[in-house]
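All figures in this text were calculated on a predicted structure; none of them were measured in a lab.
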Amino acid sequence: MNEIEISDGAAAKAAPPPDWREMLRAAVASPAFVPGVLLAIGLTAVFWSLFVKLPDLWMSEDGYYSHGFLIPLISGYIVYKWWPKLRQTPVKTGWVALVPLLLLFGVVRAAYLTNLTQILALSLIAALLLSIWFVAGWRWMLALSLPVMYLAFALPLWTGAIDVYTNPLQILSTKVAFSLLSTMGFEPYQDNSTTIMLGGFVLDVGIPCSGLKLVLAVTAFTAFFVLIAGLRWWANLLMIALILPLCLFINGLRIALIGMVGDMYGSEAGHTFHDWSGYITLLVCFFLLFKFARWLGWND
């Protein structure tokens, strides 16, 4: 029996991992395979102007989308983990989906001409969902809606949030760092809302150190754990509620450690630690989220 059994809202002992070769054979044998390939080629052509921008977005110096390379892989892994249940969904062409899909292409054309990248990104998510509906049916679209919408973490959809929340997070992260430095026995002086002075070293908490990059990446990782861990609803809420305090604490700790290194070993050492500490904080957050999910009952 391949189906994953659920009991009392929690995942029971899962079935063995699906065989990717069996998945590939099932996909090729499906009546939706040929129309799916043709539609995928069409969507690639329609959204090519967006696709070619994504590598630059993911490798941008601001780092807000540096996790973007992982998102399509994670989305595919979610589908892989769900496959024992997904494969039982019947395939049935949804011809009615052609109407909104064709109308959507008009929106895509307008967004392309006006260089509205966010509208293009939203249209891509909508087009993927409508394409699944057309190729495989309404039930497949519903079944794959979360992995498809997960792709939003890799797309330029977060400009508004970045503009609104960067400064508040700068201020909060500075306060956390100031408190940690004071607790550790240092004597910091806060010159303004985002600057801390430590002896001969000045901590200027700029936009790149606001912590918003960490929040976006950790939110993506948390969503991944929620989707595959099979936790109870209240455990999922706890995972989500942990995001902001965890990111504030870890980012504040990072800033405090930069100040400590700079104060004790000089400005050059402080700046060197600054350049590498972002990767360390992301790994620490991922590890803590993983452990927290395990503690809440994830045993896969």
Side-chain angles (χ1 to χ4, degrees), residues 62-67 70 74 153 158 161-199 201-227 229 231 234-265 269-298:
D62 62 32
Y64 287 107
Y65 296 93
S66 57
H67 56 279
L70 295 173
I74 292 174
F153 286 111
W158 309 97
I162 292 169
D163 292 341
V164 171
Y165 294 109
T166 294
N167 186 247
L169 282 174
Q170 274 180 273
I171 296 171
L172 286 172
S173 293
T174 306
K175 290 180 178 179
V176 172
F178 184 89
S179 298
L180 288 172
L181 286 166
S182 300
T183 303
M184 294 173 184
F186 288 81
E187 296 182 356
Y189 170 73
Q190 194 161 349
D191 187 43
N192 57 48
S193 59
T194 59
T195 302
I196 300 174
M197 302 184 71
L198 269 174
F201 189 76
V202 178
L203 274 168
D204 186 11
V205 184
I207 290 174
C209 294
S210 66
L212 188 54
K213 291 183 287 188
L214 187 63
V215 170
L216 290 175
V218 169
T219 301
F221 291 146
T222 302
F224 167 59
F225 287 133
V226 166
L227 288 173
L231 300 174
W234 56 265
N236 289 330
L237 289 180
L238 283 177
M239 290 286 294
I240 295 169
L242 181 66
I243 295 172
L244 187 57
L246 175 64
C247 290
L248 278 174
F249 175 76
I250 295 298
N251 193 55
L253 179 60
R254 176 203 175 200
I255 295 168
L257 290 174
I258 292 170
M260 291 170 58
V261 172
D263 188 47
M264 296 169 65
Y265 300 104
H271 286 96
T272 301
F273 183 78
H274 167 273
D275 294 340
W276 290 97
S277 57
Y279 300 103
I280 299 172
T281 55
L282 187 58
L283 289 173
V284 169
C285 284
F286 184 86
F287 176 77
L288 292 176
L289 283 171
F290 175 79
K291 287 296 185 180
F292 191 58
R294 289 288 196 185
W295 180 71
L296 288 172
W298 180 29

Query raised in the report: Heavy atoms, side chains only, cut-off 4.5 Å: are T174 and I255 in contact?
Result: no
Query raised in the report: Where do A161 and L212 come nearest, in terms of heavy atoms and distance?
Result: O-CD2, 3.9 Å
Query raised in the report: Who pairs with S277 by side-chain hydrogen bond (donor to acceptor under 3.5 Å, both in side chains), at least two apart in sequence or on another chain?
Result: R254
**Report entry** Side-chain (Y65) to main-chain (W158) donor-acceptor, under 3.5 angstrom
**Finding:** yes
Query raised in the report: Within a radius of less than 6.0 Å around CG of L237, do more than 12 heavy atoms belonging to other residues, nucleotides or ligands occur?
Result: yes
**Report entry** Nearest-0.5 Å distance that lies between atom CD1 in I207 and atom CD1 in I162
**Finding:** 10.5 Å
**Report entry** Student check: side-chain heavy atoms of N251 and T281 closer than 4.5 Å
**Finding:** no
**Report entry** Any L288 side-chain heavy atom under 4.5 Å of I250 side chain
**Finding:** yes
Requested in this report: Check whether any side-chain heavy atom of L289 sits under 4.5 Å from a side-chain heavy atom of V218, and report yes or no.
Outcome: yes
**Report entry** Atom pair CE (M197) and CG (D263), whose distance is rounded to the nearest 0.5 Å
**Finding:** 11.5 Å
**Report entry** Least distance between heavy atoms, A256 atom then L181 atom
**Finding:** O-CD2, 3.5 Å
Query raised in the report: Partners of L248 by side-chain contact (heavy atoms from CB on, under 4.5 Å), sequence neighbours excluded?
Result: L169, L172, S173, L244
Query raised in the report: Would you find more than 12 non-hydrogen atoms of other residues, nucleotides or ligands less than 6.0 Å from Y165 atom OH?
Result: no
Requested in this report: Drop me the distance from T194's OG1 to I171's CD1, to the nearest 0.5 angstrom.
Outcome: 7.5 Å
Query raised in the report: What's the spacing between K175 NZ and L180 CG if we round to 0.5 Å?
Result: 14.5 Å
**Report entry** Nearest atoms (heavy-atom pairs only) where Q170 meets G206
**Finding:** NE2-C, 3.4 Å
**Report entry** With S179 via side-chain contact (heavy atoms from CB on, under 4.5 Å) - residues at least two apart
**Finding:** none
Query raised in the report: Nearest 0.5 Å, what's the CG-CZ distance between L216 and F153?
Result: 8.5 Å
Requested in this report: Go through the steps for F201 and Y265 under the test ring pair (Phe, Tyr, Trp, His ring centres under 6.0 Å), then give the verdict.
Outcome: CA-CA 10 Å; F201 189 76; Y265 300 104; over 10 Å; no
Query raised in the report: Aromatic rings F225 and F290: how do their planes relate, parallel, tilted or perpendicular, breaks at 30° and 60°?
Result: tilted
Query raised in the report: In terms of ring plane angle, is the pair F221 and F286 parallel, tilted or perpendicular, where the classes change at 30° and 60°?
Result: perpendicular
Query raised in the report: Can you list the residues that meet the side-chain hydrogen bond (donor to acceptor under 3.5 Å, both in side chains) rule with S210, with sequence neighbours excluded?
Result: none
Report summary line: Closest heavy-atom pair, V215 versus T219, reported as atoms and distance to 0.1 Å, is O-OG1, 2.6 Å
Report summary line: By side-chain contact (heavy atoms from CB on, under 4.5 Å), A241 pairs with (sequence neighbours left out) none
Query - Closest non-hydrogen atom pair between I258 and G270, with its separation - result: CG2-O, 3.7 Å
Requested in this report: Only counting residues at least two apart or in another chain, list the ones meeting side-chain contact (heavy atoms from CB on, under 4.5 Å) with L296.
Outcome: L231, W234, A235, L238, M239, F292
**Report entry** Minimal non-hydrogen separation, C209 against H274, with atom names
**Finding:** SG-NE2, 3.2 Å
Query raised in the report: Rounded to the nearest 0.5 Å, how far apart are OG of S193 and CZ of F178?
Result: 13.0 Å
